[in-house]
Visitor: 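My questions all concern the structure below.
Lettering follows sequence order; numbering is per chain, from 1. As a basis for the values below, the full set of heavy atoms in this structure was taken, side chains included, without hydrogen atoms, waters or symmetry mates.
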Amino acid sequence: MLDIRLFREKPDYVKERLSTRGAGLSSMVDEVTSLDEQRREAETERQKLQGDRNRISKEIGIAKKKGEDTSAIEAQVRGIGDRIEQIGRDADALDIKQREIMLGIPNLPHDACPIGDSAEQNPEVKVWGEKPSYDFQPKDHVTLGAQHGLLDFEAGAKITGSAFVVYRGQGARLERALINFLLDLHTTQHGYTEVNTPFVVKADALVGTTQLPKFADQVYHCQEDDLYLVPTAEVPVTNLHREEIVKTEALPIQYAAYTPCFRREAGSAGLGTRGLIRMHQFDKVELVKITTPETSMEELEKLTANAEVVLQTLGLHYRIIELCTGDVGFGSTKTYDIEVWAPGQGSFLEVSSCSNFGEFQARRMNLRYKDEHGKNRFCHTLNGSGTALARLFVALVETYQQADGSIAIPAPLQRYFGSEKIG
RNA sequence: GGAGAGGUGGCUGAGUGGUCGAAAGCACAUCUUUGCUAAAGAUGCGUAGCCUUUAACAGCUACCGAGGGUUCGAAUCCCUCCCUCUCCGCCA
C-alpha cells in the first residue's frame with residue numbers, strides 16, 4: 001500500500017509514476033484524493049463531537065456526585081451521541097472505501113526501473129555461460145522423465161488433476177536432493193536462516209504480501225476454515241514479522257524457506273504447456289529479506305547474486321533480465337528475473353524473480369523498525385526464488401542428458417543425490 | 001471436540017461504570033550527586049490519526065485480545081469470536 005500523504009502532497013508525481021505501468025491508473029489517484037478529503041472532513045467532525053461528549057459526560061459525573069439533577073444535560077449528550085453515530089457511519093464507509101481502492105493500487109516503480117510497456121522491452125542485463133551443444137538431438141524432460149521413470153503426469157492427473165505431477169524413483173530423489181542442496185547453500189554460504197512454516201495461511205497474511213484482495217482468483221482457498229494454500233513461501237515468511245517493531249540491529253533479517261507453492265493459474269496462457277513448465281503445485285526455496293530503506297537496493301543486488309550462485313554451482317547457462325515498468329509485479333519497485341536455459345525446450349525458463357517491494361508490503365502488514373532517532377519507520381521487504389524447483393529440474397535433466405540417454409548429475413549435487421548419474 | 005482459568009503499556013502487575021491513557025514496580029533515556037567495577041535522587045518514557053506548523057511544542061480523537069451491544073458515559077456490564085494455559089477426549 002502506498003502512503004496516503006504522497007497522494008495529498010504529490011498527486012502528480014504519483015500519477016506520473018503509476019502511468020509508467022500502463023494507462024488507466026491516474027483516475028484512481030483522483031478518486032482516492034477526493035475520498036480522502038471527504039473522509040477527513042467527516043473524521044474531524046466526528047472527533048469534535050466525541051470531544052464534546054467526553055467533556056459533558058464528565059460534567060454529568062461530577063454533578064451526580066453533588067446530587068444535582070442532570071436529566072437536561074443527559075438529553076443534550078444523547079443528541080450528540082445520535083449525531084456521532086450518523087457521522088461515524090459516513091466516516092467509516094468512506095474509510096473502508098478508501099482502503100479498498102488503496103489496496104488495489106500497485107506500487108510505484110523505482111527510478112532505477114527501466115521504462116517500458118511490456119515484457120518485450122525488458123532489458124537483458126547479464127548472460128552467464130553459454131548454450132550447451134549436443135552431437136545428438138536433445139530430448140525434452142518429458143521424454144527423459146518417461147524414459148527413466150522420473151515423472152508420472154498421468155498419475156498426477158488421476159489422483160488430483162491436470163497440471164499436477166508425481167515424481168517417482170530417481171525423479172523424487174532428485175527433487176529432494178535439490179531442495180536440500182538449495183537450503184544448505186543459502187544457509188551455510190549466504191547467511192540466511194532456515195525457516196519451515198505452515199503451508200496454509202489466513203487472509204491477512206496474503207493481504208500483507210499483496211496476493212489479496214486483487215489476486216484472490218489465483219490462490220486455493222479452504223472455505224471451511226477460511227485458510228489459503230501458500231502460493232509462495234514469501235507469504236508465510238515475510239508475515240513472520242507482521243505487526244512488529246523489529247530491532248534495528250537485527251536488520252537485515254534473512255530467511256530461506258522451502259515450501260511447495262500452490263497456484264490456481266486461472267486464465268493463465270501457459271497452463272496447457274507440456275511438462276513441468278507450469279504446474280498448479282511446485283516446490284520452491286524462497287529467499288526473504290527485511291531491511292532498512294537505506295540498504296534495500298543493495299540487498300536486492302545481493303539477493304539476486306545469491307540466487308545466481310545456484311545456477312553457477314550447477315553449471316547451468318542463464319541470463320538475467322530486468323523487468324520494465326510495464327511488466328514489473330504489482331507490489332514491486334524493481335525486479336530481476338533469472339532465466340535458465342533448457343536445451344530440450346530451446347528456450348529460457350524463469351526460475352527466480354527477485355524483487356524489492358520498498359515499504360509497500362511493510363505498510364500493509366505494519367512491519368516497522370526504530371531508526372536512530374527512535375522513530376518508528378516501515379521496513380523494506382524483498383524476496384526472490386532461490387530457486388523454483390520444477391523448472392530447475394527441467395533445465396538440469398535437459399542440460400545434462402548424454403548421448404547414451406543417461407543424465408549426469410553435477411558434482412556439487414552428487415552427495416545429495418547419492419549417485420553420479422541417472423540411467 | 002468438552003470443562004475450567006486467563007488475555008491491561010517493552011516486562012511484571014493494580015484497576016468492576018464517571019476528572020483512567022490507565023497506579024506501582026522493573027527496564028530504558030537524560031540530568032544531578034556521591035564515587036567507582038556500583039548506589040541514590042530528579043525528570044522523561046506507548047501507538048496511530050486529526051488539526052496546526054518551515055519544524056517542534058501544544059491541542060483534540062481513538063486504542064486496555066478482536067468485533068458488536070447496553071449507557072449521558074465502558075478497561076470495568078452483556079453477547080459473539082480469536083488466542084494462551086490446565087485437565088479430559090481424540091490422534092500422526
Side-chain angles (χ1 to χ4, degrees), chain A residues 1-10 32-103 196-208 212 222-228 236 239-251 253 260 359-379:
Chain A
M1 193 151 62
L2 294 166
D3 187 351
I4 185 64
R5 270 170 286 199
L6 206 54
F7 284 67
R8 289 179 205 150
E9 287 158 20
K10 299 181 191 167
V32 166
T33 313
S34 109
L35 219 46
D36 180 52
E37 229 164 87
Q38 296 172 51
R39 197 204 92 239
R40 280 191 293 165
E41 198 177 311
E43 192 57 45
T44 305
E45 176 68 8
R46 170 208 254 169
Q47 290 187 0
K48 189 187 146 291
L49 289 168
Q50 282 172 328
D52 291 346
R53 178 172 69 183
N54 289 346
R55 194 162 26 75
I56 301 174
S57 289
K58 256 176 206 169
E59 286 170 17
I60 292 175
I62 294 164
K64 280 211 161 153
K65 262 186 192 149
K66 292 184 195 153
E68 293 168 8
D69 172 49
T70 56
S71 51
I73 328 187
E74 280 183 32
Q76 187 196 349
V77 180
R78 207 172 292 134
I80 296 175
D82 291 344
R83 286 188 61 204
I84 289 174
E85 199 168 315
Q86 276 173 25
I87 289 164
R89 260 200 297 273
D90 292 348
D92 289 342
L94 288 163
D95 189 58
I96 288 165
K97 188 87 204 290
Q98 180 177 336
R99 183 174 163 79
E100 200 178 278
I101 297 172
M102 291 289 283
L103 284 175
N196 189 318
T197 67
F199 300 161
V200 289
V201 293
K202 44 177 115 175
D204 285 348
L206 286 153
V207 171
L212 285 182
C222 311
Q223 227 153 14
E224 189 88 282
D225 299 296
D226 197 19
L227 293 171
Y228 298 80
N239 277 283
L240 243 28
H241 294 284
R242 67 175 297 117
E243 314 283 346
E244 281 184 15
I245 298 171
V246 297
K247 290 203 165 45
T248 312
E249 315 85 80
L251 301 177
I253 293 171
E359 60 175 42
F360 197 73
Q361 293 183 328
R363 187 180 291 280
R364 287 179 168 227
M365 59 177 82
N366 204 18
L367 163 56
R368 294 167 297 170
Y369 74 100
K370 264 195 204 308
D371 70 12
E372 64 271 29
H373 306 297
K375 215 169 146 52
N376 293 336
R377 297 172 69 195
F378 289 109
C379 299

Visitor: So which atom in A:Ile80 and which in A:Leu49 form the shortest heavy-atom distance, rounded to 0.1 Å?
Guide: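 Of all heavy-atom pairs spanning A:Ile80 and A:Leu49, the closest is CG2-O, 3.7 Å.
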
Visitor: With sequence neighbours left out, write down each residue that passes side chain to side chain contact (heavy atoms under 4.5 Å, CB included) with A:Val246, or none if nothing qualifies.
Guide: A:His241, A:Glu244, A:Leu251, A:Ile253, A:Leu367, A:Tyr369, A:Cys379

Visitor: Kindly state each residue pair satisfying side chain to side chain donor-acceptor pair (under 3.5 Å) with at least one member in residues 72-85 of chain A, sequence neighbours excluded.
Guide: A:Glu45-A:Arg83, A:Lys64-A:Glu74, A:Thr70-A:Glu74

Visitor: Considering all heavy atoms of both residues, which atom of A:Asn239 and which atom of A:Arg242 are nearest to each other, and what is their separation?
Guide: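 Taking A:Asn239 first and A:Arg242 second, the nearest heavy atoms are OD1-NH1, 2.6 Å.
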
Visitor: Whole Å only: how far is the CG atom of A:Leu49 from the C1' atom of B:C72?
Guide: 15 Å

Visitor: Give me the distance, rounded to whole Å, that separates B:C85 from B:U12 when you measure between the P atoms they each carry.
Guide: 15 Å

Visitor: Quick one: list whatever passes side chain to side chain contact (heavy atoms under 4.5 Å, CB included) with A:Asp225, sequence neighbours left out.
Guide: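 Side chain to side chain contact (heavy atoms under 4.5 Å, CB included) check on A:Asp225 returns A:Leu227.
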
Visitor: Does A:Arg368 use its side chain to pair, donor to acceptor, with the backbone of A:Lys375 at less than 3.5 Å?
Guide: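 Between the backbone of A:Lys375 and the side chain of A:Arg368 there is no qualifying donor-acceptor contact (under 3.5 Å).
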
Visitor: Please tabulate the protein-to-nucleotide N/O contacts below 3.5 Å involving nucleotides 44-47 of chain B, giving atom names and distances.
Guide:
residue: B:U47; atom: O3'; partner: A:Arg368; partner atom: NH1; Å: 3.2

Visitor: Side chains of A:Met1 and A:Leu103: closer than 4.5 Å at any heavy-atom pair?
Guide: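 SC-SC contact between A:Met1 and A:Leu103 confirmed.
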
Visitor: Check the surroundings of atom CD in A:Glu41: do more than 12 heavy atoms from other residues, nucleotides or ligands lie under 6.0 Å from it?
Guide: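 No, because the 6.0 Å sphere around CD of A:Glu41 holds 12 heavy atoms or fewer from other groups.
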
Visitor: For A:Arg8 and A:Arg40: C-alpha separation, side-chain torsions, deciding distance, then whether side-chain contact (heavy atoms from CB on, under 4.5 Å) applies.
Guide: CA-CA 12 Å; A:Arg8 289 179 205 150; A:Arg40 280 191 293 165; 3.4 Å; yes

Visitor: Measure CG/A:Asp82 against P/B:U71 and give the value in whole Å, please.
Guide: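 Taking atom P of B:U71 as the reference, CG of A:Asp82 is at 11 Å.
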
Visitor: Between A:Asp204 and A:Lys202, does at least one N-O distance fall below 4.0 Å, as a salt bridge requires?
Guide: no

Visitor: ring-ring contact (aromatic ring centres under 6.0 Å, His included) with A:Phe378: which residues, sequence neighbours excluded?
Guide: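 Testing A:Phe378 for ring-ring contact (aromatic ring centres under 6.0 Å, His included), a comparison that skips the adjacent residues, returns none.
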
Visitor: Among residues at least two apart in sequence or on other chains, which ones pass side chain to side chain contact (heavy atoms under 4.5 Å, CB included) with A:Glu249?
Guide: A:Lys247

Visitor: Does atom NZ (A:Lys10) have a neighbourhood of more than 12 heavy atoms from anything else shown, all under 6.0 Å?
Guide: no

Visitor: Minimum heavy-atom separation for A:Thr33 and A:Phe7, please, with both atom names.
Guide: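 So the two residues come closest at OG1-O, 4.2 Å.
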
Visitor: Write down the distance separating the C1' atoms in B:G25 and B:U8, rounded off to the nearest Å.
Guide: 15 Å

Visitor: Anything under 3.5 Å between a protein N or O and an N or O of nucleotides 77-84 of chain B, put it in a table, one pair a line.
Guide:
none

Visitor: With sequence neighbours left out, write down each residue that passes side chain to side chain contact (heavy atoms under 4.5 Å, CB included) with A:Glu37, or none if nothing qualifies.
Guide: none

Visitor: Where along nucleotides 49-70 of chain B does protein come under 4.0 Å, by heavy atom, of base (B) or sugar-phosphate alone (S), with - for untouched nucleotides?
Guide: BSS--------BSS--------

Visitor: Near RNA chain B, which residues from residues 73-81 of chain A have a heavy atom under 4.0 Å away?
Guide: A:Glu74, A:Val77, A:Arg78

Visitor: Tell me the stems RNA chain B sits in, counting at least three consecutive Watson-Crick or G-U wobble pairs, each under 3.5 Å on both distances.
Guide: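 Stem segments, range with range: B:1-7 with B:82-88, B:10-12 with B:24-26, B:28-32 with B:40-44, B:46-50 with B:59-63, B:65-69 with B:77-81.
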
Visitor: Quickly work out the A:Lys66 NZ to B:G18 P distance and round it to whole Å.
Guide: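 After rounding, the reported distance stands at 17 Å.
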
Visitor: For the pair made of CD1 in A:Ile60 and C1' in B:A74, what is the distance, rounded to whole Å?
Guide: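 Checked: the CD1 to C1' distance equals 14 Å.
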
Visitor: Write down the distance separating the C1' atoms in B:G59 and B:C64, rounded off to the nearest Å.
Guide: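 Nearest-Å result for B:G59 against B:C64 at atom C1': 24 Å.
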
Visitor: Got a list of side-chain donor-acceptor pairs under 3.5 Å for residues 90-99 of chain A, not counting sequence neighbours?
Guide:
residue: A:Asp92; atom: OD1; partner: A:Arg46; partner atom: NH2; Å: 2.7
residue: A:Asp92; atom: OD2; partner: A:Arg46; partner atom: NH2; Å: 3.3
residue: A:Gln98; atom: OE1; partner: A:Arg39; partner atom: NH1; Å: 3.0
residue: A:Gln98; atom: NE2; partner: A:Asp36; partner atom: OD1; Å: 3.4

